[in-house]
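Along the sequence shown, residues carry numbers from 1. Owing to the predicted nature of the structure, the values given are computational and were not obtained by experimental measurement.
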Amino acid sequence: MASETGPVEKSVEEEVEESAILLLRIHEVFVYKLPPLKGHGGRRAEEWDLGNPALTGTLSVVNKGETVYIQIFKDALTLFARYLYIYI
């Protein structure tokens with residue numbers, strides 16, 4: 001929402017009324033710690049220690065208002081990482 005003077009903040013009531021929409025859930029995703037690059041050849045998956053991921057978790061993509069959240073959870077309650085994409 002914008003006006004001639006700039007963006008208008010939403011009231012608390014408007015924030016509460018916005019509902020979140022689950023767009024995607026993947027119940028098993030793997031996160032790896034990537035080793036440093038050894039040269040200009042790029043990354044190779046065989047160097048990632050594929051049998052030993054840093055995390056096995058759940059990925060969800062949620063839309064709320066003008067924001068999309070891409071989230072990885074360690075378990076049902078523990079957030080590991082979140083990326084926010086805001087579109088207008």
Side-chain angles (χ1 to χ4, degrees):
M1 198 184 296
S3 68
E4 293 177 20
T5 59
V8 176
E9 295 296 322
K10 294 180 182 179
S11 68
V12 173
E13 292 81 17
E14 289 175 318
E15 287 288 334
V16 170
E17 289 179 7
E18 283 185 4
S19 60
I21 300 169
L22 178 65
L23 301 175
L24 174 70
R25 174 164 293 142
I26 300 174
H27 293 282
E28 188 176 45
V29 295
F30 304 100
V31 177
Y32 295 94
K33 182 176 180 182
L34 302 182
L37 285 174
K38 295 180 180 177
H40 298 291
R43 300 206 181 272
R44 301 184 58 82
E46 64 234 15
E47 299 171 350
W48 298 0
D49 191 14
L50 293 175
N52 189 24
L55 172 82
T56 301
T58 302
L59 179 133
S60 66
V61 179
V62 177
N63 175 256
K64 184 173 180 181
E66 296 177 344
T67 306
V68 175
Y69 299 91
I70 301 170
Q71 306 170 117
I72 298 175
F73 290 90
K74 290 181 181 181
D75 55 50
L77 300 174
T78 308
L79 182 65
F80 175 74
R82 175 184 281 168
Y83 173 78
L84 305 175
Y85 175 77
I86 300 173
Y87 62 93
I88 298 177

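- Here the closest heavy-atom approach between residue L50 and residue A45 is recorded as CG-O, 3.6 Å.
- For E46, the side-chain contact (heavy atoms from CB on, under 4.5 Å) criterion is met by R44, not counting sequence neighbours.
- Remark: R82 engages Q71 in a side-chain hydrogen bond (donor to acceptor under 3.5 Å, both in side chains) (not counting sequence neighbours).
- Through chains of ILVMFWY side-chain contacts below 4.5 Å, F73 is grouped with L79.
- Residues meeting the side-chain contact (heavy atoms from CB on, under 4.5 Å) test with L77, sequence neighbours left out: D75.
- Taking each heavy atom of T56 and E28 in turn, the nearest pair found is CG2-CG, 3.9 Å.
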Under 3.5 Å, which donor-acceptor pairs do the side chains of residues 33-41 form with other protein atoms, sequence neighbours left out?
none

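- Counting Ile, Leu, Val, Met, Phe, Trp and Tyr side chains that sit under 4.5 Å apart, directly or through other members, I72 shares a hydrophobic cluster with I21, L23, L24, I26, V29, V31, L55, L59, V61, V68, I70, F80, Y83, Y85, Y87.
- Atom CG of D49 is separated from atom OH of Y32 by 8.5 Å, given to the nearest 0.5 angstrom.
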